[in-house]
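Worksheet for the structure shown next.
Order of appearance sets the numbers: ligands from 1, and atoms from 1 within every ligand.
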Amino acid sequence: MAKDTLTITDNRTGKSYELPIEHDTINAMELRQIKVKETDFGLMSYDPAFKNTAATKSSITYIDGGKGILRYRGYPIEQLAEQSTFLEVAYLLIFGELPTKDEYAAWEYDITHHTFLHENIKTLVQAFRYDAHPMGMFISTVAALSTFYPEARNVDDADVRMYQIKRLIAKVPTIAAFSYRHNRGLPYVYPDNELSYTGNFLSMLFKMSEPKYQVEPALERALDVLFILHADHEQNCSTTTMRAIGSSKADPYSALAGAAAALYGPLHGGANEAVLRMLREIGDVKNIPEYIKRIKAGEFRLMGFGHRVYKNYDPRARIIKKVADDVFQITGRNPLLDIALELEKIALEDEYFVSRKLYPNVDFYSGIIYQAMGLPVEMYPVLFAIGRTVGWLAQWQELVTDPEQRIARPRQVYVGAGERQYVPIDQR
Ligand code: CMC
């Protein structure tokens, strides 16, 4: 009978080792027994950028990148985007199951009643320059929250953890909206507890002198779906950062600020902003062939294309295309959509992109929707961060309660100078 093991023969010594295989992986620590001399450190695996290393067991999100499958806690993303709400998905990701009616009502009440920020946070946001990037303000403000809730450092206390989880999910839209209003030189709008999670966010962004902000239901729903699609994506760069910081038992505000900083980069959550800038730069469908030529020559990348895990159409991109249609019914068609559609068509037929399995990812169309909603490009990564906050927290909670986890501390292969003697500066 076939055994779930792997036999490795070390040709340096002729010795064989039988390593157990579990979940199609071997435990990297098993390699350490492979030595030439007893005093050796033992074999390690070398994996820059963790391309083939599982750093955790997780029961939150499942992705099959080859088939283009994404599921949260077993539920297909398509069903959740169609039938669920962002707050219900948040509950699912945090608790592992869909809520009952009563559980959902209590959850919604709790999140709604933690949306206010301490007044001093306003002073903090006001201290930024008028043109500060909202993502910089978002990251700093989330980090600052840890000083308002010092008990949050008791990360091994389940009740304390849940309190911070609710606070963070509730407060990130308020922080995001304050950063937007700051950029515009507009007064900050306080949360309206009578509105939904996304309705309240739209109110905090766009309310002017009217006594009550009238939420456009189609835009409220579109934003809710976009938050669902961005809620989690297993061990991506920012989630890995959340887990790495969390592994030192730092409080979740500090860890989440670090995760948001990782998201900020143009190869990750900053890509939606980069896509919009790219579409504007292309400017006209007739300029696309020349643009593609330059991408193929390696001058720059086609933003919103390609993914470390998906080697097929990103299922989120498919859903977003439908959301875009709903939004454009209200806002009118975004002319950049024509450039995006043509770019996608050409890229999907071009040998360069086909052979590298480069398909549109979640960020290819999200920016076009945000733009149609009247949001400036700098806000796009912040919108990503609001949705992803839920995933970061679910993953952080899983990490903190996982008995197999320790402080994250990768190894290195040292390739620098051997020992040398210090030479005083006047003798160099
Ligand atoms: N445009 C042109 N060529 C590309 C692109 C692209 N967008 N992405 C990958 N390639 C090429 C790359 O040059 C390389 O070619 P070669 O083998 O000839 O050197 C090959 O495809 C493999 O690329 P890689 O850099 O090894 O792939 P990766 O898995 O390390 O990178 C990625 C994944 C997402 C960083 C990359 O595809 C990329 O930079 N895309 C553009 C940025 C983007 O849209 N990011 C959003 C990701 S989805 C949202 C999120 O989760 O944050």
Here the atoms of ligand 1 under 4.0 Å from any heavy atom belonging to Gly269 are 52 (O)
Between Phe138 and His133, ring centroids under 6.0 Å: no
What do you reckon, does Val362 put a non-hydrogen atom under 4.0 Å from ligand 1? yes
To check your reading of the model: name the closest protein heavy atom to atom 36 (C) of ligand 1, its residue, and the distance in Å. Arg301 NH1, 3.3 Å
Contact between Tyr352 and ligand 1, counting heavy atoms under 4.0 Å? yes
For atom 33 (C) of ligand 1, what is the closest protein heavy atom, and at what distance to 0.1 Å? Arg308 N, 3.7 Å
How far is atom 10 (N) of ligand 1 from its nearest protein heavy atom, and which residue and atom name does that atom have? Leu358 CD1, 3.7 Å
Atom 42 (C) of ligand 1: closest protein heavy atom, distance to 0.1 Å, is Met303 CE, 3.4 Å
Give the contacting part of Ile295 toward ligand 1: side chain, backbone, both or neither, where contact means a heavy-atom distance below 4.0 Å. side chain
Look at atom 18 (O) of ligand 1 and find which of Lys357, Arg356, His230 reaches it with the closest heavy atom. Arg356
For ligand 1, note which part of Phe364 has a heavy atom under 4.0 Å away: side chain, backbone, both or neither. neither
Looking at Tyr352, I'd like to know if the NZ or CZ of Arg356 sits under 6.0 Å from its six-membered ring centre while staying within 45 degrees of the ring's axis. yes
Atom 40 (N) of ligand 1 sits nearest the protein heavy atom Phe305 O, 2.9 Å
Flag atom 46 (C) of ligand 1 as yes if some protein heavy-atom distance to it falls below 4.0 Å, otherwise no. yes
Sub-4.0 Å atoms of ligand 1 with respect to non-hydrogen atoms of Gly304: 43 (C), 44 (O)
Non-hydrogen atoms of Pro315 and Gly68 that approach each other most closely: CG-O, 3.3 Å
Side chain or backbone of Asp363 under 4.0 Å from ligand 1, or both, or neither, by non-hydrogen atoms? side chain
For ligand 1, is any non-hydrogen atom under 4.0 Å from Asn361's backbone (N, CA, C, O), its side chain (CB onward), both, or neither? side chain
Which one of Leu124, Val125, Val382 satisfies the side chain to side chain contact (heavy atoms under 4.5 Å, CB included) criterion with Met137? Val125
Give a yes or no on whether atom 15 (O) of ligand 1 lies under 4.0 Å from any heavy atom of the protein. yes
Which residue owns the protein heavy atom closest to atom 52 (O) of ligand 1, what's the atom, and how far is it? His268 ND1, 2.5 Å
Would Arg294 and Phe300 count as a cation-pi pair here, with the cationic atom under 6.0 angstrom from the ring centre and within 45° of the axis? no
So which bit of His307 gets within less than 4.0 Å of ligand 1, heavy atoms only: side chain, backbone, both or neither? both
Would you say the ring centers of His233 and His307 fall short of 6.0 Å from each other? yes
Nearest heavy atom to atom 1 (N) of ligand 1: which of Leu267, Asp314, Leu302, Val309 does it belong to? Leu302
Side-chain heavy atoms of Lys171 within contact of Tyr253, under 4.5 Å: no
Which atoms from ligand 1 have a heavy atom of Ala271 less than 4.0 Å away? 43 (C), 44 (O), 45 (N), 46 (C)
